[in-house]
2 protein chains.
Amino acid sequence: MALLDTVVMRGLSSQGALSPEDKALLLGLELSPRQMSASEVLWLESADADLFCVVKEGWAYSYRNLKNGSKQILKFYLPGDIIGIRDFGFTRRLASAVMINEGVIYPFSYQQLFELFGRSNLAVGIMATAIRQQALLSERLIYLGKYAAHEQLAHFLYEIYLRLKRIGAVEDNSFLMPLTQELISDALGMSPVHVSRTFSMLREEGLVIRDRQHVQLPDPEALARLVEFNDSYIDEFLPPTFSELLRATP
Amino acid sequence: MALLDTVVMRGLSSQGALSPEDKALLLGLELSPRQMSASEVLWLESADADLFCVVKEGWAYSYRNLKNGSKQILKFYLPGDIIGIRDFGFTRRLASAVMINEGVIYPFSYQQLFELFGRSNLAVGIMATAIRQQALLSERLIYLGKYAAHEQLAHFLYEIYLRLKRIGAVEDNSFLMPLTQELISDALGMSPVHVSRTFSMLREEGLVIRDRQHVQLPDPEALARLVEFNDSYIDEFLPPTFSELLRATP
DNA sequence: CATCAGCCATAACCTATGTTAAGTGGGTGA
DNA sequence: TCACCCACTTAACATAGGTTATGGCTGATG
């Protein structure tokens with residue numbers, strides 16, 4: 001019911017995309033509501049991820065604790081929204097989630113979603129919903145930024161380093177980065193001049209050696225510590241439960 | 001081939017999640033490579049969205065032009081990445097995409113993805129890949145922020161307004177927002193004091209009237225203009241082509 | 001070999017926003 | 001009714017980062 005509400009609200013069924021069987025499947029899900037009090041925690045960062053929640057009443061939000069003691073809220077959830085899609089595909093929660101005021105949610109497990117998948121075109125609709133949600137998040141996050149410039153740049157370089165390493169494009173802690181400082185400034189939301197200043201800082205601290213497109217990170221771990229890099233989202237392997245679920249679903 | 005490379009690289013098949021049929025399906029896709037030159041445009045913002053691109057060689061990036069004339073880069077794409085997943089589920093491109101240096105890409109259409117869906121567990125793997133990518137984007141964007149405080153807050157309020165309107169929770173341009181200024185400050189990455197200052201500014205300009213949790217936007221359109229709100233991502237209805245494709249796929 | 005155009009470094013100065021602090025007002029409980 | 005607390009407001013001051021400007025490389029081109 002709750003899920004159907006949500007999907008219908010998003011306009012999926014109104015265009016005939018859902019067959020009667022699809023609808024029956026959704027209706028048969030039998031989600032049971034759960035009353036939540038204000039400030040109640042849905043889950044904390046790095047907890048096991050195994051379910052979503054449809055918000056029926058009340059507001060909630062997801063957030064990450066930052067190393068400077070503050071927190072960054074990623075998204076506010078309003079009635080009809082689904083919390084936890086961001087973590088689908090990961091073993092652990094990437095962010096904490098908490099109620100703002102009291103409300104009602106409908107939890108449903110990843111397992112239940114898997115049963116929907118593979119049987120119908122619902123997969124497509126749900127995937128689209130998920131991606132919309134992420135797009136919205138991104139849109140919001142474009143306006144954000146709480147870290148100092150040298151932390152941003154260090155984080156950026158370390159991410160590139162990890163991604164290149166995965167595809168075997170790092171040798172001896174060095175790699176090729178075909179980006180101008182102007183491009184980097186557009187990515188990090190700071191001025192090109194400040195990117196230059198910040199590179200100089202990192203160089204003086206011995207964290208980054210750079211000559212044109214050649215970048216070397218003499219001590220990647222030091223960089224990682226500086227930015228407290230959360231590499232769980234880089235590790236691209238599916239959690240073990242996925243393989244089991246995939247085999248279990250005919 | 002290219003797609004299989006990408007999926008394998010992401011660790012999907014290494015755990016037995018892909019059946020031989022799945023692999024054959026991927027191999028049968030017959031993607032044809034396309035040579036790209038440096039700075040070549042893949043697509044521009046708001047162009048029709050109908051295909052993805054797997055990057056085989058070279059770097060690319062996606063970006064949005066901002067109203068102040070600068071641009072915000074959303075993501076850099078490295079070999080093995082898929083460009084265009086963000087737009088899946090939308091009619092138009094949400095961001096432009098362009099090559100950085102020369103390289104090779106494999107385009108494949110949404111239609112081809114639909115053919116993969118509904119037949120196999122691939123749906124799950126691909127969805128997971130998509131979501132990972134978005135998670136990565138989010139992670140990166142946490143470090144961003146290029147707009148002034150009053151634009152951020154105006155954008156934030158207008159987004160909440162639109163989302164509440166969709167679920168019928170706006171009346172007479174007023175709505176209930178159970179957020180403290182401290183929560184808002186954590187969401188926007190600015191200090192609570194500055195949130196207050198900025199609310200005062202918006203009030204003086206007649207854009208926002210607020211009393212505790214009651215918020216009124218006397219002239220929502222004026223707010224929208226101030227932030228040049230891109231509401232294509234709020235409009236949650238599937239593009240017409242989706243319905244066709246869904247009906248066409250048995 | 002000379003020239004030119006990008007790209008980058010550094011400096012001086014300016015502004016938006018953070019920080020600290022003090023004060024106001026409404027809601028709630030004794 | 002009083003007192004307290006919490007959310008908010010406003011002000012004064014500090015600073016990270018933006019802006020503008022200048023000059024030095026380096027690699028491409030003729």
Nearest-Å distance, [atom1] ([X]) to [atom2] ([N])?
X	N	atom1	atom2	value
B/Q213	C/dG27	CD	C1'	12 Å
A/L183	C/dC8	CG	P	9 Å
A/M177	C/dC7	CE	P	14 Å
A/E182	C/dG6	CD	P	11 Å
B/H194	C/dA16	NE2	P	9 Å
B/R212	C/dT24	CZ	P	18 Å
B/M201	C/dA16	CE	P	10 Å
A/R197	D/dT19	CZ	P	11 Å

First encountered from the 5' end of DNA chain D, between A/V193 and A/H150: A/H150
For [X] and [N], is the shortest distance between a side-chain N/O and OP1 or OP2 below 4.0 Å?
X	N	result
A/Q152	D/dG17	no
A/Q181	C/dA9	yes
B/R210	D/dT9	yes
A/S196	C/dC8	no

ring-ring contact (aromatic ring centres under 6.0 Å, His included) involving B/Y63 - partner list, sequence neighbours excluded: B/Y61
CG on B/L217 to OH on B/Y158, rounded to 0.5 Å: 9.0 Å
Any side-chain heavy-atom pair of A/F175 and A/Y161 under 4.5 Å: yes
Touch class at under 4.0 angstrom, heavy-atom based, for A/S191 against every strand present: base
Given D/dG18, C/dC7, C/dT10, the nucleotide with the shortest approach to the side chain of A/T180: C/dC7
Criterion side-chain contact (heavy atoms from CB on, under 4.5 Å) against A/Y106, the qualifying member of A/V55, A/I82, A/V54: A/V54
Short N-O contact, B/K165 and B/E171, less than 4.0 angstrom: no
